[in-house]
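Everything on this sheet refers to the single structure shown next.
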Amino acid sequence: MPEGPEVECTRLSLRRFEGKKIVKIELTKLSQKYKKYEGKQKIFDVFIGKTITEIERKGKFLIWNFDFSKVILNHLGMSGHWIISEGADVPTHIIHPKIKILFKNESKIAIFEDARNFGQFRIYDTYQDVINYLPIKKLGSDGLKVPFPQEAFAEKLKLKKNANKEIGRILLDQTLIAGIGNIYKSESLALAKINPLRLVKKLKPEEIERLGSSISIVLHKAVDSMGSSIQSFRTSTGEEGSAQKWHKVYAKAGFDCDSCGNEIIRIVQDKRSTFYCEKCQV
DNA sequence: CGCCTGCCCTGCAGGC
DNA sequence: TGCCTGCAGGGCAGGC
Ligand SMILES: [Zn+2]
């Protein structure tokens with residue numbers, strides 16, 4: 001799930017807790033099996049009685065701000081998601097709960113479930129510390145920014161480290177454009193009708209602009225198509241339904257291209273899958 | 001500093 | 001039925 005658009009939708013869901021006071025941030029029993037959470041309950045107890053002021057997003061990161069200096073940097077990894085659930089207990093059908101947050105004057109709890117455990121939920125002493133954290137500091141312009149930052153995008157593509165690479169290999173680089181993940185990488189290239197194997201330096205200016213616009217369209221479409229499920233706060237409960245339906249190429253190897261009927265193929269770039277239509281994408 | 005390779009984890013589908 | 005392999009929407013630490 002979690003690319004920029006999914007993280008943005010998570011943020012929108014979690015906003016209901018802005019202004020709420022923390023009763024407790026509880027590391028689950030299960031979480032104690034893993035080093036990154038083990039023995040850390042105590043340091044999360046400093047949040048007891050504090051109020052969430054704002055939950056913001058930078059790329060695929062969520063930054064939890066409170067009414068005191070400490071900040072929590074949260075990343076969903078591959079499988080992390082927040083579940084907003086009625087009552088004080090974690091429902092039994094949630095298999096991998098790592099964190100549970102209880103709030104004052106709030107009947108619902110927030111549960112961070114993360115099967116593969118690649119997620120992060122880390123405390124920083126100050127907001128500035130988070131901003132100075134290199135992966136945050138180096139993030140490129142956000143792909144959901146309106147208007148899409150075409151100039152910054154084009155400039156970064158001119159950098160030596162990018163110019164000689166295949167375009168399909170660098171779109172995942174969060175320092176280029178923040179928020180693109182492996183699904184929307186393929187989908188953006190498909191919409192732009194650009195072959196993922198094309199070398200960046202061989203892309204014409206109009207193709208780069210088309211790609212930028214396509215990234216913007218694809219990411220926003222993803223947010224919009226998740227909108228209805230957000231309303232009911234069930235974004236993260238496993239029903240991803242609508243978000244997947246409009247995919248043109250991702251995970252469609254062997255199926256026919258909707259546009260030309262040619263077979264969609266899968267290749268591997270930097271150990272990640274890329275899907276595309278050889279006929280439509282030049 | 002930048003770049004590259006491992007590594008962190010569980011679950012699922014498909015082949016045997 | 002079980003066991004094995006490859007694959008999965010991401011990023012980090014450590015070596016050079
Ligand atoms: Zn096609």
Side-chain angles (χ1 to χ4, degrees), chain A residues 1-10 28 30-38 57-63 73-82 93-99 112-122 124 130 132-140 143-144 156 159-166 168-190 215 218-219 221-223 225-226 229 235-254 265-275:
Chain A
M1 272 179 61
E3 301 186 29
E6 289 77 11
V7 179
E8 174 64 7
C9 290
T10 300
T28 64
L30 172 67
S31 75
Q32 297 306 294
K33 274 176 52 183
Y34 306 95
K35 276 216 171 82
K36 67 174 127 186
Y37 299 117
E38 186 189 3
R57 181 185 62 83
K58 288 190 184 295
K60 301 176 195 170
F61 291 91
L62 290 171
I63 303 175
L73 184 62
N74 179 205
H75 196 290
L76 305 182
M78 289 281 248
S79 57
H81 58 163
W82 283 97
H93 66 85
I94 297 174
I95 315 294
H96 301 282
K98 302 296 168 65
I99 295 158
F112 185 57
E113 183 181 42
D114 185 15
R116 292 181 70 183
N117 207 40
F118 292 168
Q120 305 168 34
F121 195 73
R122 302 196 311 220
Y124 283 77
V130 172
N132 288 337
Y133 176 54
L134 239 45
I136 295 283
K137 196 173 193 171
K138 292 171 61 184
L139 285 177
L144 280 165
K156 292 218 172 183
L159 296 177
K160 229 174 195 174
K161 66 165 180 173
N162 292 328
N164 287 310
K165 289 189 181 159
E166 297 161 0
R169 292 182 57 192
I170 63 166
L171 286 182
L172 288 181
D173 179 356
Q174 299 301 296
T175 71
L176 178 62
I177 293 292
I180 302 176
N182 208 36
I183 294 179
Y184 303 131
K185 171 192 81 178
S186 287
E187 292 299 320
S188 298
L189 287 164
I215 290 168
V218 163
L219 296 184
K221 192 172 177 181
V223 172
S225 68
M226 281 179 275
S229 45
T235 312
S236 337
T237 51
E239 353 239 335
E240 303 168 35
S242 61
Q244 313 273 343
K245 284 179 188 160
W246 51 271
H247 291 166
K248 294 164 80 85
V249 292
Y250 182 79
K252 299 216 167 174
I265 62 167
R266 169 185 178 268
I267 61 172
V268 176
Q269 296 181 301
D270 281 347
K271 301 191 175 177
R272 309 294 299 275
S273 294
T274 303
F275 301 87

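Throughout, protein chains are lettered first and strands after them, A, B, ... in sequence-line order, and every chain is numbered starting at 1.
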Rounded to the nearest 0.5 Å, how far does CG of A:N117 lie from NZ of A:K98?
3.5 Å

Among B:dG11, B:dG2, B:dG6, which nucleotide sits nearest the side chain of A:I95?
B:dG11

To the nearest Å, how far apart are A:Q269 CD and C:dG9 C1'?
16 Å

Is it true that the side chains of A:E113 and A:H96 contain a donor and an acceptor less than 3.5 Å apart?
no

Separation of A:D270 atom CG from B:dC4 atom P, in whole Å?
8 Å

Which whole-number value in Å describes the distance from A:K36 NZ to B:dC9 C1'?
8 Å

More 5' along DNA chain B: A:K271 or A:L134, using each one's nearest nucleotide?
A:L134

Within the 4.0 Å heavy-atom criterion, would you say A:K138 contacts the bases, only the backbone, or no part of the nucleic acid?
sugar-phosphate

I need the A:Q174 CD to A:K58 NZ distance, nearest 0.5 Å.
14.0 Å

Could you tell me whether the phosphate oxygens of B:dC8, OP1 or OP2, come under 4.0 Å of any side-chain nitrogen or oxygen in A:Y34?
no

On a whole-Å scale, what distance lies between the P atoms belonging to B:dC1 and C:dC12?
16 Å

A:H96 side chain near B:dC9 phosphate (N/O to OP1/OP2, under 4.0 Å)
no

Which distance, rounded to the nearest 0.5 Å, do you find between the CD1 of A:I177 and the CD1 of A:I170?
10.0 Å

Flag for A:Y250-A:R266: side-chain donor and acceptor within less than 3.5 Å:
no

Can a salt bridge be assigned to the pair A:K138 and A:D173 using a cut-off of 4.0 Å between side-chain N and carboxylate O?
no

Check the distance between B:dT10's P and A:K98's NZ and give it to me in whole angstrom.
8 Å

Under 3.5 Å: donor-acceptor pair, side chain of A:S186, backbone of A:T274
no

Touch check for A:K161, heavy atoms < 4.0 angstrom, all strands: base, sugar-phosphate only, or nothing?
sugar-phosphate

Between C:dG6 and B:dG6 - P atom distance, rounded Å
16 Å

Expected output check: what is the dot-bracket annotation of DNA chain C, where ( ) and [ ] are pairs inside the strand (brackets for crossing ones), | is paired with another strand, and pairs are Watson-Crick or G-U under 3.5 Å?
.|||||||.|||||||

Is it true that A:N182 and A:K185 share a donor-acceptor pair across their side chains at a distance under 3.5 Å?
yes

Please encode protein proximity along nucleotides 10-16 of chain C as a string of B, S and -, counting only heavy-atom distances under 4.0 Å.
BSS----

Could you tell me the separation between the CD atom of A:E6 and the C1' atom of C:dA8, rounded to a whole number of Å?
14 Å

Relative to the ring of A:H247, is the ring of A:Y184 parallel (under 30°), tilted (30 to 60°) or perpendicular (over 60°)?
perpendicular

With nearest nucleotide decided by heavy atoms, which residue, A:R169 or A:K33, maps closer to the 5′ end of DNA chain B?
A:R169

Is A:S79 touching bases, backbone alone, or none of the nucleic acid, heavy atoms closer than 4.0 Å?
nothing

Can you tell me the distance, in whole Å, between the CD1 atom of A:I94 and the P atom of B:dG11?
15 Å

How far does CD of A:Q120 sit from CG of A:L62, to the nearest 0.5 angstrom?
11.0 Å

